[in-house]
Amino acid sequence: MTEQFDFRAQVNRSFDRAAAFTRHHPTLLAQVRECNSVYYMSFPIKRDDGTIEVIEAWRAEHSHHRLPTKGGIRFSMTVNRDEVAALAALMTFKCALVDVPFGGAKGGVRIARHKYSEGELERITRRYTFELKRKNFIGPGCDVPAPDYGTGPREMSWIVDTYLSLSGGELNALACVTGKPVTQGGIRGRLEATGRGVCYGIRECCSIAEDMKRLKLSTGVEGKRLVVQGLGNVGYHAAKFLEEEGAVLVGIAEYEGAVSAPNGLKLEELVAHRKETGTILDFPGATNLPNSSDALELDCDILIPAALENQITTKNASAIKAKIVGEAANGPTTEDADAILRQRGVLILPDIYLNAGGVTVSYFEWLKNLSHVRFGRLQKRYEERAHKGLLDALAKLHGDQPSDHETPEFARGADEIDLVNSGLEETMAVAYREIVDRKTRLGNDIDMRTAAMVNAIDKVAVTYEELGIFP
Ligand code: GLU
């Protein structure tokens, strides 16, 4: 049987597998599963050469059980109705899992990003924002986009600027989109948040001695051999932070090809090489692999797909050698491939958990915009003084002179970045514990994806139950 890739059907299958472990009414489960609204638009754009092109775009809002709905906007040729609907569903479950009080959404513009100039991309982004605003598909209280595959802070600043120009002095207008540059109302730490969250999630996983023992691995990230597919924002930062934690990068895949280096390679050196030559290939000390996807089958401990969906399929699942698959991308593993990996004892950290760091810090950015104050502004100096007072009192007890030296690192008051990172770390740690608790309650042969999904469905369903309209 050939495996048909229908992303929405994949997400629905994963939902159904988990829903069977819950006790919610079938009608309520149907409501939680379905995508509430999809807005399709097409609009003309003037290219730099004067020709006109018709662009197709979508925004899907999967669930309105909490508002606003939240999720990124991608620029890619893979974008279609089903893709945004599937990705919006994953956003609903991701937000619920990490207690970010939003419904799920996702948008997409069907373009090959590299074929457009900066000016053309700006016109596309601004027109897309205009269309969203016309239909109430963007706004601080209804639907808040963010970066995704092919977009970043630059696109978010075009979005917020267009929104501001249309919103007529709306007090919270800055909160209409997250992932903005810090100078445009963004928050420190958002850019690297998804990758940092991936690192925290992997660290949680590697800290559990029994799981590591079952996988015949040592406890901790230190020394683990890592392969990363995709050096975009998420893959790059995940690799960077895991390398800092002591992981050894033995393989990297990008669209132009892949390289392998069993003894490890240095991420920054590879990035510099790519900047210089335009490719990761021919990196000194590494071996080129004929196909980019070959990297997925490299001998390693941890494999991190950080590109697009549908990468681990029935075609390659049996050839994957990693003992841990960390889904930094959304939907990288098909349901049938997931079953093969599970059967082979591979530990899969599911996307709705592992890449939730991005939306978690988006939530902090949204809160910052609504409160109109930078985190840490009120208490930083107060904290520092209190810590310093304590240190001086201790010194006095010891008969030492209070020091007028620079405040030591541990006595500093918390800055925005400190608060963002600690909030993210706590979020990832708590969600991991909740998934493990669920696994224990359901029986330990339940996999992480099912346990995470059961937690997410439960949280969404309970919100609906509180509305009192479902049996
Ligand atoms: N696009 C990211 C994701 O898939 C972030 C979404 C957000 O911050 O709203 O989770």
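Just so you know, ligand 1 is whichever comes first in the structure, and atom 1 is the first atom listed for that ligand.
Shown in contact with D148 at under 4.0 Å from a heavy atom are these atoms of ligand 1, numbered in order with element: 1 (N), 2 (C), 4 (O). Heavy-atom contacts of G358 reach the following atoms of ligand 1: 8 (O) (cutoff under 4.0 Å). Atoms of ligand 1 found under 4.0 Å from any heavy atom of N330, numbered from 1 in the order shown, are 4 (O). Each of the following atoms of ligand 1 lies closer than 4.0 Å to a heavy atom of M91: 3 (C), 4 (O), 6 (C), 10 (O). Of all the atoms in ligand 1, the ones that sit under 4.0 Å from a non-hydrogen atom of G72 are 1 (N), 6 (C). Remark: ligand 1 atoms within the under-4.0 Å shell around heavy atoms of K106 are 1 (N), 3 (C), 4 (O). Of all atoms in ligand 1, listed by their number and element, those nearer than 4.0 Å to a heavy atom of G71 are 9 (O). Near K94, meaning under 4.0 Å from one of its heavy atoms, ligand 1 places the atoms 3 (C), 4 (O), 10 (O).
Taking all heavy atoms of A193, P147, A146 into account, the minimum distance to atom 2 (C) of ligand 1 is reached by P147.
Between K368 and E416, at least one side-chain N (NZ, or NE/NH1/NH2) sits under 4.0 Å from a carboxylate O, which counts as a salt bridge.
For atom 8 (O) of ligand 1, the nearest non-hydrogen atom of the protein is S362 OG, 2.6 Å. Closest to atom 9 (O) of ligand 1, if we only count protein heavy atoms, is K70 NZ, 2.8 Å. The protein atom (non-hydrogen) at minimum distance from atom 5 (C) of ligand 1 is R190 NH2, 3.5 Å.
With no hydrogens or angles considered, a side-chain donor-acceptor pair links K70 and T178 at under 3.5 Å.
Counting heavy atoms from C-beta outward, R66 and T463 have side chains that approach closer than 4.5 Å.
The closest approach between any non-hydrogen atom of P145 and ligand 1 is not below 4.0 Å.
Atom-to-atom distance recorded for I320:CD1 and I340:CD1 is 9.5 Å, nearest 0.5 angstrom.
Separation of the F93 and F15 ring centroids falls under the 6.0 Å cut-off. For F75 and Y149, the distance between ring centers is not under 6.0 angstrom.
A cation-pi arrangement is present between R196 and F241 under the rule of less than 6.0 angstrom and at most 45 degrees off the ring axis.
With hydrogens and angles ignored, the 3.5 Å screen pairs a side-chain donor or acceptor of H273 with a backbone N or O of L281.
The side-chain contact (heavy atoms from CB on, under 4.5 Å) with F7 is formed by just one residue from the set N80, L90, N310, N12; it is L90.
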